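Here's the structure, in C-alpha cells; my notes come after.
Both counts, for ligands and for their atoms, begin at 1 and track the order of listing. What you see is a predicted model, and the numbers here were worked out from it, not measured in a lab.
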Amino acid sequence: MKDNSNIRVVVGMSGGVDSSVAAYLLKQQGYDVVGVFMKNWDDTKDSGVCTVTEDYEDVAKVANKIGIPYYSVNFEKEYWDRVFTYFLDEYRRGRTPNPDIMCNKEVKFKAFLDYAMKLDADYIAMGHYAQVRRDADGTVHMLRGGDPNKDQTYFLSQLSQDQLQRVMFPIGGMHKDEVRRIAEEAGLATAKKKDSTGICFIGERNFNKFLGEFLPAQPGKMKTLDGEIKGDHFGLMNYTIGQRRGLGIGGNGQSNEPWFVVGKDLKTNTLLVGQGYENDYLYANYLEASNLSFVAPIADRGQEFHCTAKFRYRQKDVGVTVRFNDDRTQMTVYFDEPARAITPGQEVVLYDGDECLGSGTIDHAYKLVDDQAQLLQYV
Ligand SMILES: Nc1ncnc2c1ncn2[C@@H]1O[C@H](COP(=O)(O)OP(=O)(O)OP(=O)(O)O)[C@@H](O)[C@H]1O
C-alpha cells in the first residue's frame, strides 16, 4: 500500500455521518488526518435553535473512536461578512440567493482552507457527494457525486481550479446507504444521525420569520400582469419566482387553476401573480448571468459552446448554448427548450457529461415573443 503517512489531510467534520466516514476512510488509508469543526453562526443572533454543542460532541466521539486529533475553529465573522451580508443584500434586491454556494466558495473552501494550510495541511477533505479527477498534467476536474440523488456539485460550482487542487471528497463516489453502512460497521456514533437540513450553518428555521428578524418586511399588493389586484403580500423577499404556496388566492370563476408568482416589481413593491402551472409568462428562452466562475479549464471552448445546465438543485439537466461577452465577465445561456421559473439570484450551473464546468449567478430571464426579446419582470 502507498505510504500516505506524510500527507496531512484536514477534514471538515460537521458531526454528521458523511464527514465522519470521510475522516474514517482517510485514516484507514493511512493519511495523517486532523478533524476540524467550524462554528459559523452564533445562535443568539436570532431566535432559532442551534445544534452546535451536540454536533461538536459528536465530532469528539468520532475523532476519538478513529484516533485522530480534532479542533474547533470559529468563522462567525467570515460567515457574516462574506455569506450572510450577501444573502441579505440579495433578498433586499428582490432576488433569491443561494447561501450554500457562497458558503462553499468563501468559508468551507476559503477560510477553512487557509486555516488548514496553517496546520500544514496538504489537502482538505469534506463529506460532499462530488468527485475529483486528477489528470497527469495536474489539472483537476470536478465530477458529479456517485449517488445521483445526493450529487452536490451544484453547490460546489463556484470553486476555482486552485481551490479544487487542494480538495478530497473521500465519500464522493459512494451511495448514502453505503456511507451509513460503513459508519455502522466502524461503530461511529453518527451512523444513524439524521441528515442536516435548513440553511447552511444556521439550520432549520421558519424561513420568513427568520428573514424578518434581519430585514423589515414591507407589505404591498399582489396583482396580475393586467393590473388586477388579487390581494396583499407581506414582503417581496418572502416569495420566489414560480412559487405557489402561501399566496392565499384560490381559483376564480373561469378557472380553478392555482396561482403562481410570475414576477416582482421592486419599484412599486408589487408581487405579480399568474394562473396555472404552465403559465406562459413563467417560461423563458434564455438568461443572462454574471459572477462567473469556472472550475474546469474552459478557455479552449471558445466564445460559444453547447453543454447542459441546471438552474436549480433538484432539476434534470437541460441542453443549452452558452455565449460569453468579449471579456467573459457575463454569459447568455440559450435553452434548447423553454425553461420554467428561472430565478434571479440562483445559480446556472454548467455540465459537460458528468463534469461540472462552473456557474454564474442569474440576473435576468428573457422570452422570445415573435422573435423579439422580452425581459421577464422577475425583479
Ligand atoms: N460545522 C462544520 N464544520 C466542519 N465541516 C463542516 C461543517 N458543516 C459542514 N461541513 C463539511 O461540509 C460537508 C457538507 O456539508 P453538508 O451541510 O452538505 O452536510 P452533509 O452532507 O449532511 O454532511 P454531514 O453528514 O457530514 O453533515 C460536510 O460533510 C463536512 O465535511
Quiz item: Where do Ser290 and Asp363 land on the side-chain hydrogen bond (donor to acceptor under 3.5 Å, both in side chains) test, with the steps shown first?
Solution: CA-CA 7 Å; Ser290 58; Asp363 291 321; 2.6 Å; yes
Between the side chains of [Y] and [X], is the shortest nitrogen-to-carboxylate-oxygen separation below 4.0 Å, so that they form an ion pair?
X: Lys150; Y: Asp18; answer: no
X: Arg340; Y: Glu278; answer: no
X: Asp317; Y: Arg144; answer: yes
X: Glu184; Y: Arg181; answer: no

What atoms in ligand 1 come closer than 4.0 Å to a heavy atom of [X]?
X: Val17; result: 25 (O)
X: Gln152; result: 18 (O), 21 (O)
X: Met13; result: 2 (C), 3 (N), 4 (C), 5 (N)

Quiz item: Under a heavy-atom criterion of less than 4.0 Å, does Lys150 contact ligand 1?
Solution: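 Judged by the 4.0 Å heavy-atom criterion, Lys150 does not count as contacting ligand 1.
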Self-check item: contact_flag Val36 ligand 1 heavy-atom lt 4.0 Å
Solution: yes
Please determine if [X] has a nitrogen or oxygen closer than 3.5 Å to a nitrogen or oxygen of ligand 1.
X: Phe112; result: no
X: Ala125; result: no
X: Lys176; result: no

Quiz item: Step by step, would you call Met174 with Leu25 a side chain to side chain contact (heavy atoms under 4.5 Å, CB included)?
Solution: CA-CA 12 Å; Met174 297 180 178; Leu25 292 174; 3.4 Å; yes
Quiz prompt | For atom 16 (P) of ligand 1, the option (of Lys108, Lys193, Met126, Met38) bearing the nearest heavy atom | solution =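 The nearest heavy atom belongs to Lys108.
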What do we get for [X] next to ligand 1 when only non-hydrogen atoms under 4.0 Å count, side chain, backbone, both or neither?
X: Thr190; answer: neither
X: Asp195; answer: neither
X: Lys39; answer: neither

Quiz item: Which of these, Glu178, Gln152, His175, sits in a side-chain contact (heavy atoms from CB on, under 4.5 Å) with Asp147?
Solution: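 That would be His175; it is the only one of Glu178, Gln152, His175 passing the side-chain contact (heavy atoms from CB on, under 4.5 Å) with Asp147.
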Quiz item: Taking C-beta and beyond as the side chain, do Tyr154 and Gln315 meet within less than 4.5 Å on heavy atoms?
Solution: no
